[in-house]
2 protein chains.
Amino acid sequence: MKAKPPPDRRRYQARARIAKAMAHPSRLLMLEAMEAGERCVCELTELVGADQSTVSKHLAVLKQAGLVEDRKEGVMVFYRVKVCCLKGFWDCIEGVLAENLKAQRAALR
Amino acid sequence: MKAKPPPDRRRYQARARIAKAMAHPSRLLMLEAMEAGERCVCELTELVGADQSTVSKHLAVLKQAGLVEDRKEGVMVFYRVKVCCLKGFWDCIEGVLAENLKAQRAALR
DNA sequence: AACATATATGGCTACATGGCCATATTGGCA
DNA sequence: TGCCAATATGGCCATGTAGCCATATATGTT
């Protein structure tokens, strides 16, 4: 028997993969756009204003992480979000951070 | 008037800062440990099994992102989680990914 | 004061990431 | 078949990140 079971490192690696995929402004922007409905690469490219190859690589990152999936239609590829957890999370985070800011300001008096 | 209002890039940069802070297995492990109650650096150092200076830097990243706060007590410093959004998020993500896996396997028949 | 302990910081190295350009690939159309 | 448009991939460079060691800082103890 062990005094301390070692932490399940695989789980945290898996989570880190998700978090890393989210850890870029352009990818977050694209995720939010895709939450309103699927988007082709060309739309997303225009949206973020980077090179098409850059956007393609960002999408590959999101897909690899399992956050989005794609659908080919002729020459175009449409991506859409595969998880429903994002909006709730960001709403929560932004709510909390706004609270903290307010409390911080109030404490200055 | 504009046809397309440009996306609010600051918001996505702010979100990316949060996601980046979460984007490391050791930091996620520490966050989860701290959710059960505050922890001193020494405990967290033992938990992740890395150099103390490494852990200290990880904690600085989390603090900088606003995810944790610290409290000094004598020589020791205790860190604790400052946002409540994490557990719900990871539960959601892990649930969805497990679902996807199940569906994937079922589709193989 | 001298010392020991807990934590933070600076320095360095190795590796990962993001960007663009050029190019390959795939599908539609003349 | 040949060409154009949409997307993906490879190459390269600049920058960022994570790790350890050494050391600084701060606090409690003798």
Side-chain angles (χ1 to χ4, degrees), chain A residues 7 9-10 12-31 33-34 37-81, chain B residues 7 9-10 12-31 33-34 37-81:
Chain A
R9 310 208 168 253
R10 290 216 194 98
Y12 299 99
Q13 281 169 16
R15 287 185 180 184
R17 251 177 272 130
I18 304 282
K20 264 159 82 168
M22 294 166 58
H24 192 287
S26 300
R27 291 198 288 267
L28 292 170
L29 174 56
M30 292 193 282
L31 281 172
M34 288 185 273
E38 62 177 18
R39 296 276 183 271
C40 68
V41 180
C42 51
E43 286 173 297
L44 295 169
T45 299
E46 202 201 346
L47 176 67
V48 311
D51 193 275
Q52 178 269 320
S53 66
T54 300
V55 171
S56 185
K57 283 176 186 173
H58 279 312
L59 287 165
V61 170
L62 292 174
K63 184 177 170 186
Q64 168 77 17
L67 293 177
V68 304
E69 60 191 349
D70 60 340
R71 176 178 72 83
K72 291 191 90 156
E73 185 172 323
V75 191
M76 309 174 70
V77 179
F78 291 88
Y79 282 82
R80 64 172 175 282
V81 176
Chain B
R9 309 209 170 253
R10 289 214 197 100
Y12 299 100
Q13 282 168 17
R15 287 185 180 184
R17 250 177 274 130
I18 304 284
K20 265 160 80 169
M22 294 166 57
H24 192 286
S26 299
R27 292 199 288 267
L28 292 170
L29 175 56
M30 292 193 281
L31 282 172
M34 288 185 272
E38 62 178 17
R39 295 276 183 271
C40 67
V41 179
C42 50
E43 286 173 299
L44 295 169
T45 298
E46 201 202 345
L47 176 68
V48 312
D51 193 274
Q52 178 270 321
S53 65
T54 300
V55 171
S56 185
K57 284 178 185 171
H58 279 312
L59 287 166
V61 169
L62 292 173
K63 184 178 170 183
Q64 167 76 17
L67 293 177
V68 304
E69 60 192 349
D70 61 340
R71 177 178 73 82
K72 289 191 90 156
E73 185 173 323
V75 192
M76 308 174 71
V77 180
F78 290 88
Y79 283 81
R80 63 172 175 281
V81 177

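Only a predicted model underlies this, so the values are computations on that prediction, with no experimental measurement involved. Each chain gets a letter, A, B and so on, in the order its sequence line appears, and its residues count up from 1.
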Quick one: label B:S53 by what it contacts on the DNA or RNA (base, sugar-phosphate, nothing), any heavy atom closer than 4.0 Å.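 Base, at least one base heavy atom under 4.0 Å.
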Is B:F78 touching bases, backbone alone, or none of the nucleic acid, heavy atoms closer than 4.0 Å?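 Answer is nothing: B:F78 stays at 4.0 Å or more from every strand.
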Separation of [N] [atom2] from [X] [atom1] (nearest whole Å):
X: A:Q13; N: D:dA18; atom1: CD; atom2: C1'; value: 14 Å
X: A:L44; N: D:dA8; atom1: CG; atom2: C1'; value: 15 Å
X: A:Q52; N: D:dA5; atom1: CD; atom2: P; value: 14 Å
X: B:H58; N: D:dG19; atom1: NE2; atom2: C1'; value: 8 Å
X: B:M30; N: D:dA18; atom1: CE; atom2: C1'; value: 12 Å
X: A:H24; N: D:dT17; atom1: NE2; atom2: P; value: 11 Å
X: B:R17; N: D:dG16; atom1: CZ; atom2: P; value: 15 Å

Please list, in 5' to 3' order, the outermost nucleotides of DNA chain C lying under 4.0 Å from any heavy atom of chain B.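 Nucleotide range with atoms under 4.0 Å of chain B: C:dT5 to C:dG11.
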So, does B:R27 use its side chain to make a donor-acceptor pair with the main chain of B:L62 at under 3.5 Å?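 Pair absent, no side-chain N/O of B:R27 close to backbone of B:L62.
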Side chain B:E46, main chain B:E43, donor-acceptor under 3.5 Å: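 No: the side chain of B:E46 does not pair with the backbone of B:E43.
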Nearest to the side chain of B:K20, heavy atoms from C-beta on, is which of D:dC20, D:dT7, D:dT17?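 Comparing D:dC20, D:dT7, D:dT17 against the side chain of B:K20, the answer is D:dT17.
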Quick one, [X] and [Y] - any side-chain contact, counting heavy atoms below 4.5 Å?
X: A:K20; Y: A:V61; answer: no
X: A:C42; Y: A:M76; answer: yes
X: A:R9; Y: B:L29; answer: yes
X: A:L31; Y: B:R15; answer: no
X: A:K57; Y: A:T54; answer: no

Between B:T45 and A:E73, just flag the one whose closest nucleotide in DNA chain C comes earlier from the 5' side.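 Looking at the nearest nucleotide for each, B:T45 comes out on the 5' side.
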Would you mind telling me which residue lines up with the more 5' stretch of DNA chain C, B:K57 or B:E43, judged by nearest nucleotide?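 Upstream on the strand: B:E43.
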